[in-house]
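When a ligand or atom number is given, it counts from 1 through the structure's own listing order.
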Amino acid sequence: MGEGIELNLRDVWFEYTPSKPVIKGVSVSVRGERIGIVGQNGSGKTTLLSILMGFQRPKAGEVMINGINPWTEREKIIKTFNPAFEKARLPYAMKVGEFVKIVGRANGDPEGTSALADELGLSKFESQKVGSLSSGQEQLLWIFSALADSSRIPVLDEPFVHLDLHSYVRVSSVLRRRFRSYILTSHIPEDVELLADSIIVLEQGRVIWYGKVKELQADGEVYDVFINDTVPPLKGILGDFGNILVVRTEGETLKRLMDGGKILGYKRSGVRYVYVKANGGNLH
Ligand code: ADP
């Protein structure tokens, strides 16, 4: 549910260690429903999310989210958002099934909560102790706790890191179908390109791009091209991401190469092209 998300940040700075800023003058105005924050490891995604949720106080600058100042109005933040960070504190001695029941009683909707647990695939290990779960199962459990309260906007930090394909499908489909609004972070471009309508790209504590996914993919002649171990006969390669090349070319050329088995596939480029532009095409 939720009513959309409006972020207004002006020249926000943050440091854990004096004189070593990790958020460096971030200014963004984003209005959307599904916000994705993407960046490499250490680019500041978790820190930015912590600031947005009022867990950390910015050293300087102004932060407003849905008209709320997260540091001074934490009660409002807690009422509006339901954050789940990777380092979740789960009750390790409890069985998964018991935890699901407690969450259901706490949010006043035991049936809906139990249905959500089924939908996410938690019932398969309901008799297991939380402390005995694999990292993927544990991640699924903390995602469940962020999605169990439909009156608040879920805020998920790297929700897909440990998930297998099946769990990824379940979580993304619950997000899509049950929630109008959410915020998530990921280091994988596709996660945000597919699941968000508005994207913030972070690099080393700075915003290198923000806006709507549609604008991100507005350059219709730049593609992410999926290759195997042979480099295809292509001109206009702008960036090299291992098995994915960022290429400026015509869709027809790529279709021909794909039909001829020279490439595996292609899609409009988005976040990768932002990296290419920010780094002058030299990514390694
Ligand atoms: P991301 O979520 O994009 O991986 P983080 O926000 O976790 O990035 O980290 C941004 C930077 O801040 C990194 O350089 C990281 O080492 C540093 N950092 C994160 N947490 C702490 C902390 N508690 N103390 C000191 N430095 C930290």
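With ligand atoms numbered from 1 in the order given, ligand 1 contributes 3 (O) to contacts under 4.0 Å with heavy atoms of Q40. Applying the 4.0 Å criterion to heavy atoms of T47 picks out, from ligand 1, the atoms 5 (P), 6 (O), 9 (O), 10 (C). The ligand atoms of ligand 1 that sit less than 4.0 angstrom from a heavy atom of N41 are 4 (O). Near V22, the atoms of ligand 1 lying under 4.0 angstrom from a non-hydrogen atom of the residue are 11 (C), 12 (O).
Here's the thing with K45: one of its N/O atoms is less than 3.5 angstrom from an N/O atom of ligand 1.
A distance of 9.5 Å separates CG of L9 from CD of E62, quoted to the nearest 0.5 Å.
Side-chain atoms of I237 and V225, non-hydrogen and from C-beta on, never get closer than 4.5 Å to each other.
At the top of the distance list for atom 4 (O) of ligand 1, counting protein heavy atoms only, stands G42 N, 2.7 Å. Nearest to atom 2 (O) of ligand 1 among the protein's heavy atoms is T46 OG1, 2.6 Å. Counting only heavy atoms of the protein, atom 8 (O) of ligand 1 lies nearest to G44 N, 3.1 Å.
Distance remark: protein heavy atom not present below 4.0 angstrom from atom 16 (O) of ligand 1.
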Would N69 and W71 count as a side-chain hydrogen bond (donor to acceptor under 3.5 Å, both in side chains) if you check the C-alpha gap in whole Å, the side-chain angles of each, and the deciding distance to 0.1 Å? CA-CA 6 Å; N69 178 326; W71 183 254; over 6 Å; no
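Residue contact check for ligand 1: G39 places no non-hydrogen atom closer than 4.0 Å to it.
Of the candidates K76, M53, E73, M53 is the only one forming a side chain to side chain contact (heavy atoms under 4.5 Å, CB included) with I65.
Among residue pairs with one or both ends in residues 255-270, those qualifying as side chain to side chain donor-acceptor pair (under 3.5 Å) are E193-K267, D224-K267, D224-S269, K255-D259; sequence neighbours excluded.
The option with the heavy atom closest to atom 27 (C) of ligand 1, from among F14, Y16, F85, is Y16.
The heavy-atom pair separating I23 from V12 by the smallest distance is CG2-O, 3.4 Å. When all heavy atoms are compared, the tightest approach of G25 to D11 is CA-OD1, 3.2 Å.
With sequence neighbours left out, E126 forms a salt bridge (Lys or Arg N to Asp or Glu O under 4.0 Å) with no residue at all.
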